[in-house]
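Input: a single structure, listed below in structure tokens.
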Number of protein chains: 2
Amino acid sequence: MNTFAEENYLKAILSLSIQGEELVSTNSIATELNTSAASVSDMLKKLQEKKLIIYKKYKGVALNKQGKSIAVNILRKHRLWETFLVKKLDFNWDEVHDVAEQLEHIKSEELIDKLDSFLYYPKFDPHGEVIPTKEGTIPQTDRVLLSEIEENTNGIVLGVSLDETSFLQYLNKLKIEIGTEIQIFDRIDFDKSVNISINNKKQNISNEVAKHLLIKNK
Amino acid sequence: MNTFAEENYLKAILSLSIQGEELVSTNSIATELNTSAASVSDMLKKLQEKKLIIYKKYKGVALNKQGKSIAVNILRKHRLWETFLVKKLDFNWDEVHDVAEQLEHIKSEELIDKLDSFLYYPKFDPHGEVIPTKEGTIPQTDRVLLSEIEENTNGIVLGVSLDETSFLQYLNKLKIEIGTEIQIFDRIDFDKSVNISINNKKQNISNEVAKHLLIKNK
DNA sequence: AAATAAATTTAGATATATCTAAAAATAAAT
DNA sequence: ATTTATTTTTAGATATATCTAAATTTATTT
């Protein structure tokens with residue numbers, strides 16, 4: 001059985017891997033978890049002893065099979081709990097992250113099975129993110145980040161890849177939610193911001209925001 | 001904010017107080033929490049520094065106002081979660097304790113408010129135990145323990161005061177559940193066991209079991 | 001290629017929560 | 001009222017998870 005701290009490290013490594021780092025650096029984990037690089041080094045040593053990661057000093061870290069399985073399972077629990085909080089308890093999608101961060105560490109496979117069933121086996125969480133299966137796979141979807149989308153196309157917002165209150169509240173302000181149709185015009189070279197329109201209203205979206213918007217090309 | 005361990009100590013002290021110890025002893029806490037008396041002494045010192053208990057060395061401990069408020073709130077959360085697990089997720093009443101022990105430590109007042117509403121503000125948990133109010137009071141009910149009930153009377157099982165799998169499974173075997181009507185005949189002096197009948201079937205109930213059965217006198 | 005900068009690890013501390021063994025205080029028995 | 005037994009506390013260790021500061025390794029510049 002793993003501690004909360006260990007689980008959070010595994011989850012952070014998974015998250016950074018998905019975001020593109022094949023070899024995850026100590027510093028990026030420290031940033032992700034709001035802790036010091038020294039603490040990360042300490043923990044990586046421990047996770048290696050527990051045979052959950054592949055870690056080469058000064059080089060970086062990756063999850064091994066068992067570590068990935070644990071991390072994906074926590075992600076599954078996190079997203080199922082978020083779904084529960086929004087669908088059943090009437091939380092807003094921008095309020096659920098912190099509570100789900102706690103709930104994801106509850107240990108009971110039966111609990112998650114029953115929760116999954118209670119929610120009618122949802123495939124996506126309230127942010128549009130795919131929910132990993134019980135078997136530990138993350139179903140792939142054909143989404144593109146707004147920051148990387150082709151210019152002069154249309155699309156639908158399928159989800160967000162960041163679960164931070166300030167970000168989600170900003171989206172509310174922009175009137176961007178899951179299912180919103182958008183037209184993409186062009187990308188500015190200088191700051192990589194994107195010009196789009198929502199309901200015929202033109203807007204400029206910063207790269208920082210565009211990086212976390214998942215779009216389905218129409 | 002308190003740690004899980006601190007919360008568990010406060011809960012244990014509350015539980016033992018309710019069971020009748022006005023001054024709770026170090027040893028009884030150790031037994032309740034399956035730990036050593038030394039650990040309990042250590043923790044009591046800490047809880048006193050945090051001003052959550054009234055502790056006199058070698059004499060015993062009691063909750064002060066703030067400590068009681070925290071402990072009652074954990075009890076409320078525990079019982080609400082158990083209700084959720086049984087009513088919504090189809091757990092059996094003898095399966096929910098361990099998961100609720102984890103869930104009770106989740107920190108979010110809003111979560112509990114919404115859970116309470118989602119469950120239609122239940123007054124009793126699946127074991128028949130009263131759920132403390134949001135304001136921190138434990139509503140009193142006119143129940144008597146089977147171990148202390150008057151002889152030659154009738155009663156209804158209102159609940160149990162112990163949430164242990166082996167105990168609840170034994171009750172299932174005895175066909176005792178909440179709402180079961182029983183006739184009480186007499187109590188044996190020697191072992192304090194009680195002779196009762198359920199559906200006209202005579203049975204002898206040990207004091208150990210009778211101590212945890214809450215009965216409403218008819 | 002040497003010097004500088006950045007990233008990472010180690011060393012040494014601190015805080016929490018636990019333990020065993022020994023000491024001290026209280027309760028029970030003779 | 002002593003002695004004995006029980007309960008409780010303290011002392012000293014261990015394990016987890018964190019930190020700051022110093023040392024080391026790797027990357028980047030000049």
Side-chain angles (χ1 to χ4, degrees), chain A residues 1-13 16-17 19-63 67 70-71 74 101-102 104-107, chain B residues 1-13 16-17 19-63 67 70-71 74 101-102 104-107:
Chain A
M1 199 90 311
N2 308 292
T3 65
F4 285 18
E6 287 166 353
E7 291 186 349
N8 284 333
Y9 274 91
L10 294 175
K11 201 177 53 144
I13 299 168
L16 292 164
S17 303
Q19 278 166 53
E21 289 189 58
E22 341 89 84
L23 264 190
V24 177
S25 75
T26 300
N27 253 351
S28 56
I29 297 171
T31 305
E32 178 90 3
L33 294 178
N34 260 304
T35 185
S36 69
S39 301
V40 176
S41 282
D42 287 347
M43 182 58 99
L44 292 182
K45 223 181 292 169
K46 213 174 71 179
L47 290 174
Q48 184 168 50
E49 270 164 35
K50 291 187 87 174
K51 295 200 200 303
L52 299 174
I53 58 173
I54 300 147
Y55 171 44
K56 292 221 175 88
K57 269 195 205 169
Y58 294 102
K59 296 299 179 183
V61 66
L63 296 171
I70 293 167
I74 295 163
E101 288 278 293
Q102 298 179 64
E104 72 190 5
H105 299 294
I106 302 290
K107 267 116 190 146
Chain B
M1 200 92 308
N2 308 292
T3 65
F4 285 20
E6 287 166 352
E7 292 186 350
N8 284 333
Y9 274 91
L10 294 175
K11 201 177 53 145
I13 298 167
L16 293 165
S17 303
Q19 279 166 53
E21 288 189 58
E22 341 90 84
L23 264 190
V24 177
S25 75
T26 300
N27 253 352
S28 56
I29 297 171
T31 305
E32 177 89 3
L33 294 177
N34 259 303
T35 186
S36 68
S39 301
V40 176
S41 281
D42 287 346
M43 182 58 99
L44 292 182
K45 221 183 293 169
K46 213 175 70 179
L47 290 174
Q48 183 168 50
E49 270 165 35
K50 291 186 87 173
K51 297 199 199 301
L52 299 174
I53 58 174
I54 300 147
Y55 171 45
K56 291 220 176 88
K57 269 194 206 173
Y58 293 102
K59 295 299 179 184
V61 66
L63 296 171
I70 293 167
I74 295 164
E101 288 278 291
Q102 299 179 63
E104 72 190 5
H105 300 294
I106 302 290
K107 269 121 190 136

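Chain A is the first sequence line, chain B the second, and so forth, proteins listed ahead of strands; every chain is numbered from 1.
- Qualifying ring pair (Phe, Tyr, Trp, His ring centres under 6.0 Å) partners for B/F4, counting only residues two or more places apart in sequence or in other chains: A/F4, B/H105.
- In this structure, CD of A/E21 is placed 12 Å from P of C/dA7, rounded to the nearest angstrom.
- Proximity of a side-chain donor or acceptor of B/S28 to a complementary backbone N or O of B/V24 within less than 3.5 Å is not detected.
- Going from atom NZ of B/K59 over to atom P of D/dT9 covers 11 Å, rounded to whole Å.
- In this structure, A/E6 places its CD atom 14 Å from C1' of D/dT18, rounding to the nearest Å.
- Considering only side-chain N and O atoms, A/S36 lies nowhere under 4.0 angstrom from the phosphate OP1 or OP2 of D/dT20.
- Judged by distance alone, the side chain of B/S39 and the main-chain N or O of B/T35 form no donor-acceptor pair under 3.5 Å.
- Between A/E49 atom CD and D/dA15 atom P the separation is 12 Å, expressed in whole Å.
- The distance between atom CG of B/L44 and atom P of C/dA25, rounded to the nearest whole Å, is 18 Å.
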Using atom names, set out every protein N or O paired with an N or O of nucleotides 10-13 of chain C below 3.5 Å, distance rounded to 0.1 Å.
unit_1, atom_1, unit_2, atom_2, d
C/dT10, OP1, A/K57, NZ, 2.3
C/dT10, OP2, A/K45, NZ, 3.2

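- The stretch residues 51-61 of chain A participates, sequence neighbours left out, in no side chain to side chain donor-acceptor pair (under 3.5 Å) pair at all.
- A/I29 has its CD1 atom 15 Å from the P atom of C/dA7, to the nearest Å.
- Summarising the geometry, the separation between NZ on B/K56 and C1' on D/dT9 is reported as 17 Å, rounded to the nearest angstrom.
- Scanning all heavy atoms of the two residues, the minimum distance from A/A37 to A/A30 falls at N-CB, 3.8 Å.
- Under the rule for a side-chain contact (heavy atoms from CB on, under 4.5 Å), the partners of A/A5 that lie at least two apart in sequence or sit in another chain are A/T3, A/M43.
- Salt bridge status for A/K11 with A/E6: absent, with no side-chain N to carboxylate O gap under 4.0 Å.
- Among the atoms of the strands shown, none is found under 4.0 Å from any heavy atom of A/F4.
- A straight line from CG of A/N27 to P of D/dT26 spans 16 Å, rounded to a whole angstrom.
- Using a cut-off of 4.0 Å between Lys/Arg side-chain N and Asp/Glu carboxylate O, A/K107 and B/E101 are scored as not salt-bridged.
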Pairing annotation in dot-bracket form, given for DNA chain C with Watson-Crick or G-U pairs under 3.5 Å and | for cross-strand partners: ||||||||||||||||||||||||||||||
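- Residue-to-nucleotide proximity on DNA chain D shows that, of A/Y9 and B/G60, the 5′-proximal contact is made by B/G60.
- With sequence neighbours left out, B/Q19 forms a side-chain contact (heavy atoms from CB on, under 4.5 Å) with B/S15, B/L16.
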